[in-house]
There are 2 protein chains.
Amino acid sequence: MGHPIEESAALVAEPASDTKRRLLSAAERLFAEHGFGGVSVRQLTAAAGVNLAAVNYHFGSKEGLLAAIFEQRCRPMNDERLRRLGDCVEPADHPEVLERIIAAFIAPALASSADRGGGATFTRLRAALSVEHNELARTLIARYFDATSERFVAALARALPDLSRAELFWRFHFLLGGLYYTMINPSRIAHLSGGLCDAGDVEAVLTQMVPFIAAGFRAPSLDRLSRPRARRKRSAR
Amino acid sequence: MGHPIEESAALVAEPASDTKRRLLSAAERLFAEHGFGGVSVRQLTAAAGVNLAAVNYHFGSKEGLLAAIFEQRCRPMNDERLRRLGDCVEPADHPEVLERIIAAFIAPALASSADRGGGATFTRLRAALSVEHNELARTLIARYFDATSERFVAALARALPDLSRAELFWRFHFLLGGLYYTMINPSRIAHLSGGLCDAGDVEAVLTQMVPFIAAGFRAPSLDRLSRPRARRKRSAR
DNA sequence: GTCTATAGAGCGATAGAC
DNA sequence: GTCTATCGCTCTATAGAC
C-alpha cells in the first residue's frame, strides 16, 4: 500500500493532480455503469486518458480508487441530506412533513449535479456495488451511511409514531429498493411503458416516487393494530 | 437433493443428463449470488462436480447455460403468477383485490420451492442480471416477462381506474424495485435493523411488502386530480 | 460423452528507465 | 510523475485422446 500519502484533513482542499481527477471521474462513471468487477484497470485508464500504471501509483490499487470515490462523495451527499432533513422537522405536525423527509433523502441521491452533495452517478455506483459481494464496498457503505440512515429512520419514527421499529426499517428498505432500482435499471420501465416513463428524468422520479413511498409509509401498522400496546412481531425464524 | 416432487407435471420432457441438471442447478445459484460476469466456468463446473468442458459441450457456451436457465424457469413462474392473478379478478369490487394482485406477482417470485413456479433464487438471478449490461439478459427478460408484466399492469389498471397509465407503470416499477432489492441486498436491512428484520424470511417480506406497495398504489393520482377533472367541460373520459 | 491439455486473450500489479 | 515492458495469474473456449 505504499503510495504517496494524501491524508487530506480538509476534504476537497487538495488541488489533486489532473491525472487523479480524471481517474476519479472516469472510475465513478464506469463503476456506476458496470460495477466494480465489470471494469478493468485498463478500461479505466483508457477512459481517463492516463497511463495504465496511474491507478496503482495514485491510489495503490483498484480498490484504493473505489475508496477514494467514497471519500470524495459521501460527506457532501450526507451533509446535503441532513441539511434538508433539518429543514423539515421544525413544524413536526405539518401534514406533509413525511413527504419532505422522504424527499430530503432521495433528492440528493438523484440530483445530477455533483457539486452540492447531489450524485446520481454515485448513487448508481452504490446500487451496482450492492449486488456484488465486494467486502470493501460493504465496509464503505456501513462506514459512511449508517449514521445518516439512522437519523432518517429516527425522523420517520417521529412522523409515524404508530409504526413499530421493524415496520419502519422494512419501509425504509422499500424506499431504498425503489431508489436503487431506478438508478440501476431505468431501461425496464422505459421498455414496458413504451417510452412513456423516463427514469432518467429526475423531476419525474421525484414527483412519482415521493407520494408513492409516503403513502406506503402511512399504511396502517400491522403490529400495533392487531395487538394494542404490542411490542414487536417475531419475524425471525 | 432428491426431492419427491421432482418429476411433477413434466415441465420439460427432456430427461436431461445428470451433468446437465447439476450444472443448471449450480449455475442458477452462483449466478444469483455473484451475477453472470462474477462467476467463471471453472467455478461453475467445480461447484457442480462436473468436468470443465461440460458447459461448452452441453450448452455451447456460458451464455447458452444462462439461456437454458431462463428456458427452464420462466414458464412455470409466469404460469403460477397468472394462475394466481386469475383467482383474484373475479370479485373485482372486493376491497382487497389490489393486495391479491400484488401478492400474485411477488409471492411466486419469493417462494423458495422451485417446483411449482416459485423461484427465489431465479428472482435473485434476474435482479443481479439487471445490474450488468448483459445484452443476452435484456433479451431474455423482455422475451419471457413482457407479456406477464403487461397482464399485471392491465389488472392493476382495472383495480385503480383513476390512475394514469404513466402512474401505473411508475408504481409497478417501484414494486419491482422493492422486490429486487430484497433479493439482492438482504444484508443491508439486517445490518441497519440490528437483526430485527430478516429479508430472507419469505413470510415476513410478504407481510410487510404487500400492504406497503398496495398503499402506494392507492395514493391519489396526481395526473387526474390536478388536471382535467377541475373543469367540468368533458362529460366522460 | 467425458476427460486432459492447452491455445489465445485479458487481468491486476510492479520494476525500472526517463 | 509518467511511461514501457512484463510477470504471474485467470479467463473462455476448443482440440483431440479415451
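Lettering follows sequence order; numbering is per chain, from 1.
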* To do: For B:L44 and D:dC11, give me the distance from atom CG to atom P, rounded to whole Å.
  => 11 Å

* Sequence neighbours left out, what passes ring pair (Phe, Tyr, Trp, His ring centres under 6.0 Å) with B:F145? Give chain and number order. => none

* Asked: Taking 4.0 angstrom as the limit, do A:E135 and A:R138 come out as a salt bridge?
  -> no

Would you list the atom pairs, donor with acceptor, under 3.5 Å between side chains in residues 194-205 of chain A and any protein atom, with sequence neighbours excluded?
unit_1, atom_1, unit_2, atom_2, d
A:D198, OD1, A:G200, N, 2.9
A:D201, OD1, A:E203, N, 3.1
A:D201, OD1, A:A204, N, 3.2

* Structure fact -> Span of DNA chain C engaged by chain A, first through last nucleotide within the 4.0 Å heavy-atom cut-off, is C:dC11 to C:dT14

At a cut-off of 3.5 Å, list every protein nitrogen or oxygen paired with a nitrogen or oxygen from nucleotides 4-10 of chain D, distance to 0.1 Å.
unit_1, atom_1, unit_2, atom_2, d
D:dT4, OP2, A:N51, ND2, 3.3

Please set out all donor-acceptor pairs under 3.5 angstrom arising from side-chain atoms of residues 39-46 of chain A, sequence neighbours excluded.
unit_1, atom_1, unit_2, atom_2, d
A:S40, OG, A:R42, N, 3.4
A:S40, OG, A:Q43, N, 3.1
A:S40, OG, A:Q43, OE1, 3.4
A:Q43, OE1, A:S40, N, 2.9
A:T45, OG1, A:V41, O, 2.9
A:T45, OG1, A:R42, O, 3.1

* Not counting sequence neighbours, list each pair that qualifies as a ring pair (Phe, Tyr, Trp, His ring centres under 6.0 Å) and has a residue in residues 52-80 of chain B. => B:F70-B:F122

* Asked: Under the ring pair (Phe, Tyr, Trp, His ring centres under 6.0 Å) test, which residues partner A:Y181, sequence neighbours left out?
  -> B:H173, B:Y180

* Residues which pass side-chain hydrogen bond (donor to acceptor under 3.5 Å, both in side chains) with A:R151, listed by chain and number, not counting sequence neighbours -> none

* **Residues that A:Q208 engages under side chain to side chain contact (heavy atoms under 4.5 Å, CB included), provided they are two or more places apart** => B:E167, B:W170, B:F174

